[in-house]
Structures are given as structure tokens and as C-alpha cells.
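Worksheet: the structure to be examined is printed underneath.
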Amino acid sequence: MVDENLIKSNERVKAHGEVFTPKRIVKQMLDQPELVESLNDLSTTFMEPAAGEGAFLTELLRRKLSLANRLSTDLKSYEANAEIVLSSLYGIELLEDNVEVLVMRMYHIFSQYYFQAIRKWNGEGSRKVNSSAMTIIAANMQQGDAIKKTTRDGSPIIFSEWKLLPVINGVQKVQRTEYTLDSIINGGEPLDGSTPSGKVEQLNLFGFDDEVDEGPKRRFKSCKLVDIYKEEMEEVKS
Ligand SMILES: C[S@@+](CC[C@H](N)C(=O)[O-])C[C@H]1O[C@@H](n2cnc3c(N)ncnc32)[C@H](O)[C@@H]1O
């Protein structure tokens, strides 16, 4: 059996309940029949609220990127599908060093599968694809307190919804909208003050129903999945 470091120190176990889940258990849990359908959909959202070093998120990422590889017809479609996969995985972790490992692992796995896809379709890697992947990981893996719903400096944890827009002329665009974790849990106020989509299904992470009040005027421009890294904003008039 491969050695796994499931505990870093007794102090950390006492202070933060930090005991990582063994890979074997993670796999068994994700093999449950109830999850088969969700794992066969690239955009099904998952949130690990006490993520540690990403025991579940990293295995979910592997499984979803394998699926993306099988569903894609060429390198371009794989690149778009892989960004969709990344945008579906969210994590919160209290401790800085764990978040660093988590982010690094997510990016490493993304890169490994991207490399396989490049070889499979005999193509070339794109800087835009890698940068957009990193932008999504940084937005979706948050350091903070999942109970208080705040970051280290006490400000609200903010997550992005990556809403896929209808494909026009073969081009898939995405609309990024930010929400506080508090509003996600309590029913929805996007930070750009617009009406939430209410269309995200599966775990319903961003599935709000209510009309919303005004909020800060921030909105990301809709863009191609591989242009996410540009993080272009537009002003929204109230
Ligand atoms: C039992 S470990 C589980 C880690 C990971 N989910 C796994 O299965 O390996 C719990 C993790 O939650 C983190 N944690 C503790 N309190 C937290 C809080 N209030 N908000 C977010 N993370 C927290 C700890 O630092 C630790 O990494």
C-alpha cells in the first residue's frame, strides 16, 4: 500500500480537525451509484467546503478531465471542455499552506491531462488556455472560513458563477458573475446588481429564484472560454 500523509501534526488535528481522507476512501465515495450521472456531466458543480489539500476536488478533476478527453473531437474542443470542468469545481480551505498545495495540485492535474490531449491530437499547447485555467482555479479555490463565510481579512468570500451562454456560430462563450458565499447559501445577490440566472442545475450552487437588490456595479464581459484570463470588466449602469 502507498504511504499517505493523512496528518501533518497533532496540533493541527486539535486546532483544525485536519485529517485528510485516504485516496481509497475518496474513490469509494465517488464511485457511489448516486454520483454516476453527475460525474457524466462536465458542468455538474461540486463544492468541497473544508477542502484541505483537495482530496475530493483533485479526484473529481481527474475523472471529469478524462470524460472531457473522451467527449472531445479535437484539441480545440478539449480545451473548451477542460475549462468548463475547472469552472465546475469549488473549494474553501482555512489554512494558507493547504490552499497553496490545493491550487498547485489542481493546476498540475490540469496540465497533465492537457499534455495528454496535445499528444492525442498532435497539436500545440496554448498560453491562453493555461492562463485561463489558472484564473479559474484562483477564483474557485478560496482561502477562508467556511462557517463565518469570510476570508482571512474578514471580508466576504466571493465565488464566481461561470454561466455557459448559447453557442453562436460554433462559438461557446461564458458569462462570469460574482456572488458572496453568504448570498449563494441564503438565496442570491450577484455583485453586479443584476438578476441571477436561476438556471444552474445539479447541486444548484447558483440556483437563485429571487429578484435582487442593487449591488456594487461589477460585471465581467462575456468571452470565449480560453479568454477568461483577460478578466475584462464592464461597468453596469443602475
Ligand atoms: C478533516 S480535514 C478534510 C480535508 C479534505 N476535505 C479531505 O477530505 O482530505 C478538514 C479541513 O478543513 C479545514 N478547516 C477547518 N475549519 C475550517 C473552516 N472553518 N473553514 C474552512 N476550512 C476549515 C482544515 O484546515 C482541514 O484542512
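Read the numbers this way: they start at 1 and go in the same order the structure lists the ligands and their atoms.
Within a 6.0 Å radius of NZ in Lys149, other residues, nucleotides and ligands contribute more than 12 heavy atoms.
In this comparison of Ile7, Thr58, Val19, the heavy atom closest to atom 2 (S) of ligand 1 sits on Val19. Here atom 19 (N) of ligand 1 lies nearest to Asp145 when heavy atoms of Asp145, Leu6, Ile25 are compared.
Shortest contact from atom 7 (C) of ligand 1 to any protein heavy atom: Thr21 OG1, 3.4 Å. Protein heavy atom in closest approach to atom 12 (O) of ligand 1: Ala50 CB, 3.1 Å. Among protein heavy atoms, atom 25 (O) of ligand 1 sits closest to Glu93 OE2, 2.7 Å.
Side chain of Ser132 to backbone of Val226: a donor-acceptor contact under 3.5 angstrom is found. For the pair Gln143 (side chain) and Glu93 (backbone), a donor-acceptor distance under 3.5 Å is absent. Of the possible polar contacts, none joining the Ser155 side chain to the Thr151 backbone as a donor-acceptor pair under 3.5 Å is found. In this structure, the side chain of Ser87 engages the main chain of Ile84 through a donor-acceptor pair within 3.5 Å.
Residue contacts with ligand 1, taken as heavy atom pairs separated by less than 4.0 Å, involve Asn98 solely via side-chain atoms from C-beta onward. Contacts of Leu94 with ligand 1, taken as heavy-atom pairs under 4.0 Å, involve both backbone and side chain.
Each of the following atoms of ligand 1 lies closer than 4.0 Å to a heavy atom of Phe56: 8 (O). Here is the list of ligand 1 atoms found below 4.0 Å of a heavy atom in His16: 15 (C), 24 (C), 25 (O). Per-residue contacts place Ala146 under 4.0 angstrom from the following atoms of ligand 1 (heavy atoms of the residue considered): 18 (C), 19 (N), 20 (N), 21 (C). Heavy-atom proximity to Gly144, at under 4.0 Å, picks out these atoms of ligand 1: 20 (N), 21 (C). Residue-ligand proximity, Leu95 to ligand 1, at heavy-atom distances under 4.0 Å covers atoms 25 (O). Less than 4.0 angstrom separates some heavy atom of Ala55 from each of these atoms of ligand 1: 7 (C), 8 (O), 9 (O). Every atom of ligand 1 with a heavy atom of Glu48 under 4.0 Å away is listed here by number and element: 5 (C), 6 (N), 7 (C), 8 (O). Interface of Gly17 with ligand 1, defined as ligand atoms under 4.0 Å from a residue heavy atom, comprises 1 (C), 2 (S), 10 (C).
Of all heavy-atom pairs between Arg12 and Leu95, the closest is NH2-CD1, 3.4 Å.
Residues Leu181 and Gln142 are not in side-chain contact: their nearest non-hydrogen atoms beyond the backbone lie 4.5 Å or more apart.
Ring geometry for Phe110 versus Tyr107: interplanar angle under 30°, hence parallel rather than tilted (30 to 60°). By the 30° and 60° cut-offs, the orientation of the rings of Tyr78 relative to Tyr114 is parallel.
Here Phe46 and Phe56 keep their ring centres 6.0 angstrom or further from each other.
Salt bridge annotation for Lys14-Glu11: absent, with no cationic side-chain nitrogen under 4.0 angstrom from a carboxylate oxygen.
Among the atoms of Glu18, none of the N or O lies under 3.5 angstrom from an N or O of ligand 1.
In this structure, Pro49 is part of the shell of residues with a heavy atom less than 4.0 angstrom from ligand 1.
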